[in-house]
Trainee: 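Sharing a structure, written as structure tokens. Questions coming.
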Amino acid sequence: MEKEKEFEEKCLSRRTTTQEPSVRRIAEETFRETIAEQHKSNATYFLEGVKNVVKSQTPLLAILIGHFAMEHKANQLLALHGYKVESHICTQIGLGRIIERKDLAKWLSDIFTLRQSVGYRMTLKQSEESRKEAEKTVNEIIMPFFDEIDKLVNEIK
């Protein structure tokens with residue numbers, strides 16, 4: 001009975017929370033570069049995971065990992081523009097409004113939707129269809145996104 005009470009209190013009850021802003025301005029140039037470099041490193045790490053997993057027996061994991069790779073890559077660019085972002089929705093808005101690239105924001109939104117779709121599937125299994133879906137996502141969304149962000153980063157430097 002005690003376990004049910006805790007579950008009800010924490011999971012079934014309405015709660016009001018206060019949340020700090022999920023974006024902070026970065027004024028100092030060296031700090032901008034440090035944050036951007038951290039995101040670049042994480043994006044590269046996750047992208048390597050994508051490349052490995054898409055060829056494995058669990059190719060749909062490439063979509064999940066790809067989302068995080070893309071988010072870090074986008075946050076690299078936003079950091080160079082003076083923003084430290086800690087929210088996927090703010091990353092999408094930042095791409096559309098600050099960077100003025102609604103196409104990139106849409107790609108990030110699309111991969112987020114795919115990530116949720118894969119993450120909540122009730123039956124995940126290895127199949128040729130899964131592999132094709134993952135490969136298509138990597139080739140048509142993740143890799144082009146990285147290429148576009150790299151172009152924008154190079155324009156800043």
Side-chain angles (χ1 to χ4, degrees), residues 7 10-26 35-156:
F7 181 75
K10 291 185 177 181
C11 303
L12 297 174
S13 297
R14 183 179 299 241
R15 295 181 289 165
T16 303
T17 60
T18 303
Q19 186 175 350
E20 293 295 319
S22 57
V23 177
R24 289 184 286 157
R25 292 186 190 271
I26 310 170
I35 297 298
E37 197 57 40
Q38 289 170 344
H39 282 297
K40 178 183 178 183
S41 177
N42 287 350
T44 301
Y45 182 89
F46 282 116
L47 186 61
E48 282 304 309
V50 166
K51 292 174 183 177
N52 291 327
V53 167
V54 77
K55 297 173 185 170
S56 74
Q57 294 299 308
T58 56
L60 290 175
L61 290 178
I63 295 170
L64 277 70
I65 298 168
H67 167 260
F68 294 111
M70 288 172 64
E71 195 165 80
H72 278 291
K73 196 67 177 166
N75 285 335
Q76 173 192 358
L77 180 61
L78 288 167
L80 292 172
H81 281 270
Y83 297 94
K84 184 174 190 289
V85 183
E86 298 173 349
S87 156
H88 66 269
I89 191 66
C90 291
T91 299
Q92 289 176 32
I93 294 168
L95 285 175
R97 305 275 192 226
I98 303 299
I99 308 302
E100 297 181 345
R101 289 292 303 266
K102 291 183 190 240
D103 59 326
L104 297 178
K106 172 93 169 79
W107 282 355
L108 193 56
S109 175
D110 290 348
I111 196 77
F112 179 78
T113 301
L114 280 170
R115 182 200 87 159
Q116 286 188 307
S117 171
V118 169
Y120 292 104
R121 287 183 189 177
M122 296 306 291
T123 312
L124 289 170
K125 62 182 179 180
Q126 165 57 8
S127 69
E128 190 57 33
E129 182 180 314
S130 295
R131 182 173 313 287
K132 285 180 182 176
E133 179 182 2
E135 287 174 349
K136 181 177 180 186
T137 301
V138 170
N139 293 329
E140 295 180 11
I141 297 175
I142 298 169
M143 297 310 295
F145 185 88
F146 264 70
D147 291 342
E148 284 300 310
I149 296 291
D150 281 338
K151 286 177 192 172
L152 295 170
V153 166
N154 287 333
E155 288 175 9
I156 294 171

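All heavy atoms count here, side chains included; hydrogens, waters and symmetry mates do not. Note that the structure is a prediction, hence the values are computed from the model and not measured.
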Trainee: Under the salt bridge (Lys or Arg N to Asp or Glu O under 4.0 Å) rule, what pairs show up with a residue in residues 129-138, not counting sequence neighbours?
Mentor: R121-E133

Trainee: Taking it one step at a time, do L80 and L152 satisfy side chain to side chain contact (heavy atoms under 4.5 Å, CB included)?
Mentor: CA-CA 10 Å; L80 292 172; L152 295 170; over 6 Å; no

Trainee: What is the distance from atom CG of L64 to atom OG1 of T137, rounded to the nearest 0.5 Å?
Mentor: 11.0 Å

Trainee: Could you list the residues that satisfy side chain to side chain donor-acceptor pair (under 3.5 Å) with S117, not counting sequence neighbours?
Mentor: none

Trainee: Answer with yes or no whether the side chains of Y83 and R25 bring together a donor and an acceptor at under 3.5 Å.
Mentor: yes

Trainee: Pairs in or reaching into residues 91-106: which pass salt bridge (Lys or Arg N to Asp or Glu O under 4.0 Å), with residues at least two apart or in two chains?
Mentor: R101-D103, R101-E148, K106-D110

Trainee: Would you name the heavy atoms of L108 and E71 that are closest together and state the gap between them?
Mentor: CD1-N, 3.9 Å

Trainee: Can you give me the closest heavy-atom contact between A62 and V138, atom names plus distance?
Mentor: CB-CG2, 4.2 Å

Trainee: Roughly how far, to the nearest 0.5 Å, is the NE2 atom of H39 from the CD1 atom of I149?
Mentor: 12.0 Å

Trainee: Work out which heavy atom in A74 is nearest to a heavy atom in F145; give both atom names and the distance.
Mentor: CB-CZ, 3.9 Å

Trainee: For F46 and H72, take the angle between the two ring planes, folded into 0 to 90°, and tell me which bin it lands in: parallel under 30, tilted 30 to 60, perpendicular over 60.
Mentor: parallel

Trainee: Could you measure the distance from the CG atom of L114 to the OG atom of S109? Nearest 0.5 Å is fine.
Mentor: 9.5 Å

Trainee: If you take all heavy atoms of A79 and A36, which pair is closest and at what distance?
Mentor: CB-N, 3.7 Å

Trainee: Could you walk me through whether K40 and V153 pass the side chain to side chain contact (heavy atoms under 4.5 Å, CB included) test, one step at a time?
Mentor: CA-CA 10 Å; K40 178 183 178 183; V153 166; over 6 Å; no

Trainee: To the nearest 0.5 Å, tell me how far I89 CD1 sits from S22 OG.
Mentor: 9.5 Å

Trainee: Decide side chain to side chain contact (heavy atoms under 4.5 Å, CB included) for I156 and H81; before the verdict, give the C-alpha distance in whole Å, the side-chain angles of both, and the deciding distance to 0.1 Å.
Mentor: CA-CA 9 Å; I156 294 171; H81 281 270; 3.4 Å; yes

Trainee: Who pairs with S56 by side-chain contact (heavy atoms from CB on, under 4.5 Å), at least two apart in sequence or on another chain?
Mentor: V53, T58

Trainee: Which atom names give the shortest non-hydrogen contact between A105 and G96, and what distance separates them?
Mentor: CB-N, 3.9 Å

Trainee: Run the side chain to side chain contact (heavy atoms under 4.5 Å, CB included) check on T44 and L47 step by step: do they pass?
Mentor: CA-CA 5 Å; T44 301; L47 186 61; 5.6 Å; no

Trainee: Within this structure, what is the CG-CD1 distance for the pair L78 and I26, rounded to the nearest 0.5 Å?
Mentor: 9.0 Å

Trainee: Is any side-chain heavy atom of I35 closer than 4.5 Å to one of Q38?
Mentor: yes

Trainee: Once salt bridge (Lys or Arg N to Asp or Glu O under 4.0 Å) is applied, what residue pairs with a partner in residues 73-84 remain, sequence neighbours excluded?
Mentor: K73-D150, K84-E86

Trainee: Out of curiosity, N42 CG to E37 CD, how far, rounded to the nearest 0.5 Å?
Mentor: 10.5 Å

Trainee: Going by the rule side chain to side chain donor-acceptor pair (under 3.5 Å), which residues pair with H88 if we only count those two or more places apart in sequence or in a different chain?
Mentor: none

Trainee: Provide the closest heavy-atom pair for H67 versus F112 in the form atom of the first, atom of the second, distance.
Mentor: NE2-CD1, 3.4 Å

